Amino acid sequence: NTELDSTASVLSFSVEAKDGDVLALDYKVSTEAGCDLLGIYVDDELVKVFGSVRDWSTYAVALTAGSHKVKLAYEKDMYTSDNDDLAYIDNIQVLSGDEAKAALAANPVYPVSDETALVPTNEGAKEIVFADVNGILAANFPGAKYYIIPGEEAVFNITLAEGVDPDSVCVYTDYDGSNAGVADILEDGVYTFISGIDSNEVTGFPYCDAYLAQGDNVIYVLFFANEENVNAFISDFLPEGETWTYADGSAPSTTGTPSTTVEVPSGYSEYTLTFVDQNGDPVPGVMANVCDDDTCTPMTADEDGVLTFVSPSFAYHIDVLKVPDGYTYEKPAEDVYTEVDGGTLEIVITKN
């Protein structure tokens with residue numbers, strides 16, 4: 001099922017086992033980390049998955065005495081493919097005695113924590129809290145945490161609760177669109193993930209997000225270079241009246257915003273959405289979701305009905321969320337997308 005989204009390729013069989021036996025198999029994968037996965041099911045229970053890029057290795061699963069139904073499935077999600085988009089299996093066997101014990105002892109061991117979390121470790125990183133007066137952030141980034149992280153890179157420590165398979169979890173940043181399997185970033189007993197930091201001064205975009213995902217379970221973190229970029233985020237993307245404080249209750253030291261006059265970096269494009277009525281007059285305050293394949297970001301047009309952002313070059317899906325009183329938006333029959341390389345896109349909002 002290579003490059004066939006939302007499909008599964010399955011091999012099923014039965015085995016007879018005695019107490020202490022294990023099911024052992026060799027596997028090799030070259031897939032989209034955390035998303036397209038080779039899974040081992042025993043009696044319909046998922047016991048292990050493999051993803052990302054791994055050369056031939058062996059894995060063993062303990063069995064109880066009796067007959068068991070085993071399923072090996074390469075299961076692909078509904079989005080994209082990565083690497084070779086292939087899973088391989090070989091040498092499926094039931095082992096007993098010392099061979100079984102040795103096979104289990106050779107399985108990888110991963111660190112376990114009290115909770116699954118994505119936390120910045122930069123010196124000087126501070127958590128902040130938005131009032132979220134209209135519930136926009138809660139709707140688009142449920143359960144998210146927000147930080148100011150000084151410096152050129154954001155360094156995150158990832159912890160996984162007991163029972164969470166690190167091969168089933170990926171971590172993503174929209175700074176450069178990178179996606180890593182958590183099992184692949186284990187070093188010296190710690191899962192460490194590093195991202196660049198967007199800012200108006202550097203990329204023309206005031207914030208960056210990272211998320212830790214296991215299927216539909218997502219932990220979001222939005223982070224900013226400084227207070228000025230938090231203020232710019234509010235000004236550019238959130239409705240009037242939004243406020244923020246530090247998590248310890250202290251107030252920010254400035255209401256200023258940074259300059260947005262920057263050179264568009266390589267691999268990025270500048271996108272401008274203009275919202276006008278049927279007479280061509282600007283419609284201020286329109287709120288729209290700007291979506292790539294993985295996330296949606298709510299943004300709000302300025303007093304001239306213009307919404308501008310700089311992001312990695314992509315055909316972004318535009319979904320109008322809210323229009324001012326006295327206006328109506330009729331969703332077109334075909335979805336609205338930007339051009340990959342940026343430019344201006346006009347969207348008509350009907351004045352009642």
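This structure is a prediction, so every number in the text was calculated from the model and none was measured.
Looking at Asn231, its side chain does come within 3.5 Å of a backbone N or O of Thr254 through a donor-acceptor pair. A donor-acceptor pair is defined here as one N or O able to donate and one able to accept, closer than 3.5 Å; no such pair exists between the side chain of Asp174 and the backbone of Gly177. With Ser195 contributing its side chain and Ala154 its backbone, the two residues share no donor-acceptor pair below 3.5 Å. Listed for the Ser30 side chain is no donor-acceptor partner under 3.5 Å among the backbone atoms of Asn83. In terms of modelled atom types and a separation under 3.5 Å, the side chain of Asn122 and the main chain of Glu153 share a donor-acceptor contact. Without hydrogens or angle criteria, Thr2 side chain to Asp85 main chain gives a donor-acceptor distance under 3.5 Å. A distance-only check finds no donor-acceptor pair linking the side chain of Thr173 to the backbone of Ser178 [under 3.5 Å]. Between the side chain of Asn200 and the main chain of Asn229, no donor-acceptor pair closer than 3.5 Å is present. Within the 3.5 Å criterion, the main-chain N or O of Ala131 finds a donor-acceptor partner in the side chain of Glu242.
Residues Val182 and Leu212 have side chains in contact (heavy-atom distance under 4.5 Å, counting atoms from C-beta outward). The closest side-chain heavy-atom distance from Pro239 to Val133 is not below 4.5 Å. Residues Val171 and Val169 have side chains not in contact (no heavy-atom distance under 4.5 Å, counting atoms from C-beta outward). Looking at Ile185 and Ile158, their side chains come closer than 4.5 Å, going by heavy atoms from C-beta outward. Within the 4.5 Å cutoff, the side chain of Pro108 has heavy atoms near those of the Tyr110 side chain. Taking the side chain as every heavy atom from C-beta outward, Asp90 and Trp56 approach each other to under 4.5 Å. In this structure, Lys71 and Ser12 have side chains that are in contact, with non-hydrogen atoms separated by less than 4.5 Å.
Residues Val276 and Val336 do not share a hydrophobic cluster, defined by chaining ILVMFWY side chains whose heavy atoms lie under 4.5 Å apart. Val61 and Val22 fall into different hydrophobic clusters, where Ile, Leu, Val, Met, Phe, Trp and Tyr are joined by side-chain heavy atoms under 4.5 Å apart, directly or via other members. Following chains of ILVMFWY side-chain contacts shorter than 4.5 Å, one cannot reach Tyr59 starting from Tyr74, and the two form parts of different hydrophobic clusters. Residues Val218 and Leu137 are members of one and the same hydrophobic cluster, defined by side-chain heavy-atom contacts under 4.5 angstrom among Ile, Leu, Val, Met, Phe, Trp and Tyr.
A donor-acceptor contact under 3.5 angstrom links the side chains of Ser253 and Glu227, judged on distance only. Side chains of Ser67 and Glu16: a donor-acceptor N/O pair is present below 3.5 angstrom, by distance only. Counting only N and O atoms by type, the side chains of Asp198 and Thr203 include a donor and acceptor under 3.5 Å apart. Looking only at atom types and distance, the side chain of Gln214 has no donor-acceptor partner in the side chain of Asp165 under 3.5 Å away.
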Stepwise, does the side chain to side chain contact (heavy atoms under 4.5 Å, CB included) test hold for Ile234 with Phe130? CA-CA 9 Å; Ile234 289 176; Phe130 289 93; 3.8 Å; yes
If you apply the rule side chain to side chain contact (heavy atoms under 4.5 Å, CB included), what do you find for Cys291 with Tyr337, and how did you get there? CA-CA 9 Å; Cys291 304; Tyr337 291 88; over 6 Å; no
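Note on ring orientation: taking the six-membered ring where Trp is involved, the planes of Tyr207 and Phe237 are perpendicular (angle over 60°, cut-offs 30° and 60°).
From Leu25, atom CG reaches atom CG of Leu72 across 6.0 Å, with rounding to the nearest 0.5 Å. Asp236 contributes atom CG, which lies 9.0 Å from atom OG1 of Thr300 (distance to the nearest 0.5 angstrom). With values rounded to the nearest 0.5 angstrom, Leu118 atom CG is found 10.0 Å from Lys145 atom NZ. Here CG of Asn279 is found 5.5 Å from CG of Asp281. Values are rounded to the nearest 0.5 Å. Here the OH atom belonging to Tyr146 is positioned 10.5 Å from the CD atom belonging to Glu127, to the nearest 0.5 angstrom. The OG1 atom of Thr243 sits 10.0 Å away from atom CG of Asp132, with the distance rounded to the nearest 0.5 Å.
Annotation: ring pair (Phe, Tyr, Trp, His ring centres under 6.0 Å) contacts of Tyr88 (sequence neighbours excluded): none. Annotation: ring pair (Phe, Tyr, Trp, His ring centres under 6.0 Å) contacts of Phe141 (sequence neighbours excluded): Tyr220. Under the ring pair (Phe, Tyr, Trp, His ring centres under 6.0 Å) criterion, Phe224 pairs with Phe233, not counting sequence neighbours. Scored by the side-chain contact (heavy atoms from CB on, under 4.5 Å) test, Asp293 finds Thr80, Phe314 as partners (sequence neighbours excluded). Residues satisfying the side-chain contact (heavy atoms from CB on, under 4.5 Å) test with Asn140, not counting sequence neighbours, are Ile136, Asn289, Cys296, Pro298. Applying the side-chain contact (heavy atoms from CB on, under 4.5 Å) rule to Asp55 yields the partners Lys28; only residues at least two apart in sequence or on another chain are considered. A search for ring pair (Phe, Tyr, Trp, His ring centres under 6.0 Å) contacts involving Phe156 returns Phe223, not counting sequence neighbours. Applying the salt bridge (charged side-chain N to carboxylate O under 4.0 Å, His left out) criterion to Asp292, with sequence neighbours excluded, gives no partner residue.
Remark: aromatic rings of Tyr268 and Phe205 are distant, center separation not under 6.0 Å.
Heavy atoms of other residues, nucleotides or ligands lying less than 6.0 angstrom from CD of Glu123 number 12 at most. Within 6.0 Å of atom CG in Asp114, 12 or fewer heavy atoms from other residues, nucleotides or ligands are found, so the atom counts as exposed in its surroundings.
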Please list, one pair per line, the donor and acceptor atoms closer than 3.5 Å that link side chains of residues 38-45 to other protein atoms, with sequence neighbours excluded.
from, atom 1, to, atom 2, distance (Å)
Tyr41, OH, Glu75, OE1, 2.8
Tyr41, OH, Glu75, OE2, 3.4
Asp43, OD1, Lys69, N, 2.9
Asp43, OD2, His68, ND1, 2.7
Asp44, OD1, Lys69, NZ, 3.3

Run the side-chain donor-acceptor check on residues 91-106: report pairs under 3.5 Å with partners two or more places apart or on a different chain.
from, atom 1, to, atom 2, distance (Å)
Asn91, ND2, Asp26, OD2, 2.6
Ser96, OG, Lys18, NZ, 3.4
Ser96, OG, Asp21, OD1, 2.6

For residues 343-352, run the donor-acceptor check on the side chains, cut-off 3.5 Å, and write out each pair with its distance to 0.1 Å, sequence neighbours left out.
from, atom 1, to, atom 2, distance (Å)
Asn352, OD1, Thr328, OG1, 2.7
Asn352, ND2, Gly326, O, 3.4

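Residues Asp167 and Leu37 come closest through the heavy atom pair O-CD2, 3.5 Å.
Taking the ring axis of Tyr329 as reference, the NZ or CZ atom of Lys331 does not stay both within 45° of it and closer than 6.0 Å to the ring centre.
Hydrophobic cluster of Ile194: the remaining members, joined at side-chain heavy-atom separations below 4.5 Å, are Val155, listed by chain and number.
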